[in-house]
S.K.: 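Please find one structure pasted underneath; my questions will follow.
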Amino acid sequence: MSEQEGKIEKVVTEAQWTTGLYDCFSEDISTCCFTWFCPCVAFGRIAEILDKGETSQGLAGLMVVAMSHIGCGWYYASLYRAKLRHQYSLPEEPCADGPIHFFCCACALSQEHRELKHRGLDPSLGWQGNINKGLSTPPFVASGMDR
């Protein structure tokens, strides 16, 4: 069986999340575990992609850790969820970005990570890695959904 045959294709629809907030265990267990046990690294990868390489994943991860020490890590992470939603015209569901990250941070990060993967970006490669793998213009840049 080829590598492509084993993967489930996701239909990407404009203005809709490709997976639900709580699809962690049914959708992509490796992403779920990664975001649960390494949330700072997962956040850093997401932030680097959303900032188009202007913020490194290490710096973004460090920022969320620092903000967490004063009780604001969830707020900082929610700003990037809002950025992701705006870039892909996604709805603010099931509620506002802040409460989602405050109450369900691991689920939010997992959903955001999956969203980028389903839209053709690999957060583990970082911004430059996605450009080097053949995405000369990542999907959200090509569609004109810049910051």
Side-chain angles (χ1 to χ4, degrees), residues 1-61 63-65 67-68 73-135 137-147:
M1 183 160 88
S2 75
E3 185 178 327
Q4 289 296 333
E5 290 174 11
K7 292 184 178 179
I8 298 171
E9 288 292 319
K10 269 302 216 192
V11 176
V12 177
T13 307
E14 188 65 27
Q16 285 187 340
W17 290 93
T18 56
T19 63
L21 181 62
Y22 304 112
D23 286 346
C24 301
F25 294 109
S26 64
E27 191 68 32
D28 183 358
I29 194 71
S30 62
T31 296
C32 178
C33 290
F34 174 66
T35 57
W36 184 262
F37 293 109
C38 304
C40 301
V41 176
F43 172 77
R45 290 176 176 182
I46 292 166
E48 182 178 344
I49 296 291
L50 294 177
D51 281 344
K52 302 176 185 114
E54 291 180 19
T55 303
S56 72
Q57 55 183 283
L59 178 61
M63 283 294 296
V64 82
V65 167
M67 299 281 292
S68 293
W74 63 270
Y75 176 74
Y76 185 64
S78 74
L79 297 176
Y80 279 88
R81 183 176 181 86
K83 187 179 271 197
L84 175 73
R85 283 189 320 90
H86 290 295
Q87 285 183 351
Y88 293 113
S89 302
L90 299 171
E92 191 172 29
E93 61 182 27
C95 63
D97 301 324
I100 287 174
H101 267 277
F102 185 80
F103 292 108
C104 308
C105 189
C107 293
L109 289 173
S110 185
Q111 182 186 33
E112 294 157 17
H113 199 275
R114 288 190 312 270
E115 192 68 30
L116 291 172
K117 286 168 81 174
H118 290 280
R119 291 185 182 268
L121 296 163
D122 184 352
S124 68
L125 297 176
W127 174 253
Q128 194 61 44
N130 278 285
I131 300 238
N132 291 340
K133 81 172 190 178
L135 288 173
T137 53
F140 56 86
V141 174
S143 68
M145 297 297 257
D146 280 349
R147 288 191 239 184

S.K.: Going through the checks in order, is the side-chain contact (heavy atoms from CB on, under 4.5 Å) test met by T18 and Q111?
M.R.: CA-CA 9 Å; T18 56; Q111 182 186 33; over 6 Å; no
S.K.: Is it true that a side-chain atom of S110 and a backbone atom of A106 form a donor plus acceptor pair closer than 3.5 Å?
M.R.: no
S.K.: Quick one: do T19 and R114 satisfy side chain to side chain donor-acceptor pair (under 3.5 Å)? Show the steps, please.
M.R.: CA-CA 7 Å; T19 63; R114 288 190 312 270; 3.0 Å; yes
S.K.: Taking all non-hydrogen atoms of both residues into account, name the closest pair between R81 and E93 and its distance.
M.R.: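 Distance-wise, the nearest heavy atoms are NH2-O, 3.8 Å.
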S.K.: Which atoms form the tightest heavy-atom contact between P123 and K117, and what is the distance?
M.R.: CD-CG, 3.7 Å
S.K.: Once you round to the nearest 0.5 Å, how far does CD of Q16 lie from OG of S89?
M.R.: 12.0 Å
S.K.: Evaluate the side-chain proximity of L90 to E115: yes if any heavy-atom separation is below 4.5 Å, no if none is.
M.R.: yes
S.K.: Can you tell me how far apart CG (L50) and OH (Y88) are? Round to the nearest 0.5 Å.
M.R.: 7.5 Å
S.K.: Quick one, S78 and F102 - any side-chain contact, counting heavy atoms below 4.5 Å?
M.R.: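 Not in contact.
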S.K.: Which atom names give the shortest non-hydrogen contact between T35 and A42, and what distance separates them?
M.R.: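 Nearest pair, atom of T35 first, then A42: CG2-CB, 3.6 Å.
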S.K.: Within this structure, what is the CD1-NZ distance for the pair I131 and K52, rounded to the nearest 0.5 Å?
M.R.: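 The CD1 atom of I131 sits 10.5 Å away from the NZ atom of K52.
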S.K.: More than 12 heavy atoms of other residues, nucleotides or ligands under 6.0 Å from OH of Y75: is that the case?
M.R.: no
S.K.: Let me confirm one number: the OG-NE2 distance from S124 to H113, rounded to the nearest 0.5 Å.
M.R.: 6.5 Å
S.K.: K83 versus E112: any side-chain heavy-atom pair under 4.5 Å?
M.R.: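 SC-SC contact between K83 and E112 ruled out.
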S.K.: Can a salt bridge be assigned to the pair R85 and D97 using a cut-off of 4.0 Å between side-chain N and carboxylate O?
M.R.: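 Yes, charged N to carboxylate O under 4.0 Å.
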S.K.: Do you know which two heavy atoms are closest between P91 and A15, and how far apart they sit?
M.R.: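 Minimum heavy-atom separation between P91 and A15: CD-O, 3.3 Å.
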S.K.: Do the side chains of L84 and L116 get nearer than 4.5 Å, heavy atoms only?
M.R.: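 They are in contact (side-chain heavy atoms under 4.5 Å apart), so the answer is yes.
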S.K.: Hey, does Q87 have a side-chain heavy atom less than 4.5 Å from the side chain of R119?
M.R.: no
S.K.: Quickly, which of F34, Y80, W74 forms a ring-ring contact (aromatic ring centres under 6.0 Å, His included) with F43? Name it, please.
M.R.: Y80
S.K.: For the residue pair D122 and I49, what are the closest heavy atoms and their distance?
M.R.: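 Heavy atoms of D122 and I49 come nearest at O-CD1, 4.5 Å.
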S.K.: Taking the side chain as everything from C-beta on, heavy atoms only, tell me whether I100 gets closer than 4.5 Å to P94.
M.R.: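 Yes. Closest side-chain heavy atoms under 4.5 Å.
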S.K.: Are L125 and R45 side-chain neighbours, meaning at least one heavy-atom pair lies under 4.5 Å?
M.R.: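 Result no, sub-4.5 Å side-chain heavy-atom pair not found.
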S.K.: Check W127 against G53 and note the closest heavy-atom contact, atom names and distance.
M.R.: CG-N, 3.5 Å
S.K.: How long is the straight-line distance from SG of C40 back to CG of L109, given to the nearest 0.5 Å?
M.R.: 9.0 Å
